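Here is the structure we will look at, set down as structure tokens.
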Number of protein chains: 2
Amino acid sequence: MSVSELNAPAQDYLKLIWSATEWSDRAITVGAMAERLGVTASTVSDGLRKLTQQGLVSHAPYGSIELTETGRRYALVMVRRHRLLETFLVNVLGYGWDEVHAEAEVLEHAVSDLLIDRIEEHLGYPDRDPHGDLIPTREGHQPRISAWQLSECEAGSELSIVRISDASPDMLRYFSGLGLSPGTHLRLEAQHPYADVTSVCVLPSEQAIDLGSAAARAIWVVGHTTEPTPPAK
Amino acid sequence: MSVSELNAPAQDYLKLIWSATEWSDRAITVGAMAERLGVTASTVSDGLRKLTQQGLVSHAPYGSIELTETGRRYALVMVRRHRLLETFLVNVLGYGWDEVHAEAEVLEHAVSDLLIDRIEEHLGYPDRDPHGDLIPTREGHQPRISAWQLSECEAGSELSIVRISDASPDMLRYFSGLGLSPGTHLRLEAQHPYADVTSVCVLPSEQAIDLGSAAARAIWVVGHTTEPTPPAK
DNA sequence: GAACAATGTTTGGTGCGTCTAACATCGTCT
DNA sequence: AGACGATGTTAGACGCACCAAACATTGTTC
């Protein structure tokens with residue numbers, strides 16, 4: 001059996017469950033899945049029951065939603081398809097990076113493994129898609145993501161937030177209120193180690209924000225315009 | 001409304017009805033459609049009723065199957081998708097011309113009009129796909145070409161293959177192994193109707209080949225040096 | 001700890017494409 | 001012209017994904 005034999009909704013469920021754990025340690029909920037997929041919670045609940053029966057998801061009623069080893073492998077195939085398709089549409093066919101998502105979302109259910117491998121070869125085995133996300137390998141291995149905590153970076157660099165660790169729900173709400181989320185671009189103005197303050201400037205709005213050390217440790221970034229910013233140490 | 005809003009079976013029906021009239025003047029039958037699509041006749045009959053209600057097909061019960069003007073336009077969009085995808089897979093991604101059909105058959109239901117236009121642009125607006133079939137334009141215009149099945153031609157003529165119908169991958173591989181593809185020149189040595197064998201000679205290599213009747217029907221030719229060979233009868 | 005709000009599951013029902021089997025029509029052969 | 005085989009249509013049923021609404025559970029708040 002392979003992921004290609006699953007119907008499109010099942011493929012979407014697997015990909016979504018995996019995606020939720022790429023930047024967060026908290027498993028996704030039924031409600032969140034339903035909202036993301038534009039269906040009702042009952043539909044998702046039903047779908048998860050079937051995936052559990054197929055051994056791809058482990059989910060007891062009212063319990064948490066986890067992928068099994070096979071489910072994770074299948075999910076990574078879907079993520080790989082999506083990201084290679086996006087890269088292909090941008091690099092080869094001249095799409096804007098903001099127009100590729102919907103097209104890739106449809107195509108990922110239609111392409112064969114052979115086609116994806118050929119696309120990868122044609123692109124020269126890229127590491128990342130146009131959004132900066134890492135592309136899983138054919139073997140189902142997801143390369144380690146290299147990102148750094150904002151607290152460890154040097155002043156002056158332009159950065160993209162790739163992850164906000166969610167140790168505290170309060171902190172997440174705090175970031176949300178400041179407009180800081182994965183994908184936000186910012187410039188690191190200054191580190192004030194003794195005051196435990198990190199000063200950043202959100203781009204392109206140029207809004208200045210001072211963050212405490214706990215906050216600066218929760219935000220993970222990569223370099224925005226150039227190569228990933230090397231860690232300070 | 002556009003052809004993209006139809007479900008995949010409806011798109012297949014339209015394309016198939018159109019394809020039947022590309023190389024023959026006889027309209028297709030319900031039974032033939034069912035066999036080609038791998039479904040039962042009742043399914044096709046039902047589908048045709050719905051397409052008739054939508055004004056894409058004109059078909060009275062037990063009557064002949066014809067496309068309306070809108071139906072023909074939609075069908076040509078699907079043919080265009082299929083042929084541009086095949087060309088793209090061969091020219092850009094290195095597929096063999098005998099392996100592209102199944103992949104294109106799936107993708108044609110998933111691609112957007114924008115993607116097809118970008119592919120066409122990237123290919124440099126080709127006239128023909130790898131099988132020698134003409135690619136309809138974006139405006140839905142399909143140039144008419146006159147060619148004959150090898151099985152219908154007279155011995156002694158020198159011919160060029162312009163098209164190899166892509167029904168069976170096995171047959172395509174067989175032709176590929178013999179060096180027969182669109183553009184190949186050959187001389188028709190003899191027709192042996194009772195043995196169902198057509199003897200040809202590939203030019204300029206002078207390699208002799210005996211083809212069965214199914215093979216001779218799949219190969220479409222025009223006269224090589226002179227005018228198109230008139231059909232035998 | 002009881003009540004309540006938020007979240008998740010189950011139930012019953014719809015639309016769609018498909019099938020099998022029964023039925024209708026067409027065309028041909030005697 | 002009538003009968004019969006081939007072809008096409010209709011009826012009834014099934015699986016599937018989905019939804020709304022009823023129901024169950026969880027977690028939090030007073």
Side-chain angles (χ1 to χ4, degrees), chain A residues 1 3-17 20 24 26-54 56-67 74 78 105-106 108-110 166 168-170 172-173 176, chain B residues 1 3-17 20 24 26-67 74 78 105-106 108-110:
Chain A
M1 178 171 143
V3 68
S4 299
E5 293 157 37
L6 298 173
N7 50 35
Q11 293 177 340
D12 282 335
Y13 293 159
L14 294 176
K15 186 176 65 138
L16 184 50
I17 296 167
S24 144
R26 273 223 311 279
I28 199 170
T29 65
V30 171
M33 289 183 65
E35 200 209 330
R36 266 293 273 287
L37 297 169
V39 298
T40 62
S42 62
T43 301
V44 171
S45 185
D46 213 48
L48 289 176
R49 194 175 42 72
K50 286 175 195 162
L51 285 173
T52 299
Q53 283 182 333
Q54 294 175 79
L56 301 174
V57 166
S58 116
H59 170 61
Y62 302 100
S64 74
I65 300 166
E66 312 276 356
L67 293 173
Y74 287 6
M78 296 310 299
E105 203 70 26
V106 178
E108 68 191 14
H109 301 300
D166 54 355
S168 144
D170 284 342
L172 282 184
R173 272 192 293 277
S176 181
Chain B
M1 177 172 143
V3 68
S4 298
E5 293 156 39
L6 298 173
N7 50 34
Q11 293 177 340
D12 282 335
Y13 293 160
L14 294 176
K15 187 176 65 135
L16 185 50
I17 296 167
S24 141
R26 274 223 311 279
I28 199 169
T29 65
V30 172
M33 289 184 65
E35 199 209 329
R36 263 297 269 287
L37 297 170
V39 298
T40 62
S42 64
T43 302
V44 172
S45 184
D46 214 47
L48 289 176
R49 194 175 40 73
K50 286 175 194 162
L51 285 173
T52 300
Q53 282 180 334
Q54 293 174 80
L56 301 174
V57 165
S58 116
H59 170 61
Y62 302 100
S64 74
I65 301 167
E66 312 276 355
L67 292 174
Y74 287 5
M78 296 310 299
E105 202 70 28
V106 177
E108 68 191 14
H109 300 301

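Each chain gets a letter, A, B and so on, in the order the sequences are listed, and its residues count up from 1. All values derive from a computational prediction rather than experimental measurement.
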Check the distance between D:dT9's C1' and B:M33's CE and give it to me in whole angstrom. 15 Å
Considering only residues two or more places apart or on different chains, which pairs with a residue in residues 34-43 of chain A satisfy salt bridge (Lys or Arg N to Asp or Glu O under 4.0 Å)? none
State, yes or no, whether a side-chain contact exists between B:Y13 and B:L37 at a heavy-atom distance under 4.5 Å. yes
Nearest whole Å is fine: how far is D:dC16 P from A:Q54 CD? 10 Å
What string of B, S and - do you get for nucleotides 6-16 of chain C 5' to 3' if you count protein non-hydrogen atoms under 4.0 Å? --BBB------
Donor-acceptor pairs under 3.5 Å, side chain of residues 55-64 of chain B to any protein atom, not counting sequence neighbours: which ones?
from  : atom 1 : to    : atom 2 : distance (Å)
B:H59 : ND1    : B:G63 : O      : 3.3
B:H59 : ND1    : B:S64 : O      : 3.3
B:S64 : OG     : B:E66 : OE2    : 3.3

Hey, could you give me the OG/NE2 distance between A:S4 and A:H109, rounded to the nearest 0.5 Å? 11.5 Å
Starting at CD of A:E35 and ending at P of D:dC18, how long is that distance when rounded to a whole Å? 16 Å
Salt bridge check: are B:R49 and B:D46 linked by an N-O gap of less than 4.0 Å? yes
Spacing between B:Y13 atom OH and D:dG8 atom P, to the nearest angstrom: 14 Å
Hey, mind stepping through B:S45 and B:S42 against side chain to side chain donor-acceptor pair (under 3.5 Å) and telling me if it holds? CA-CA 5 Å; B:S45 184; B:S42 64; over 6 Å; no
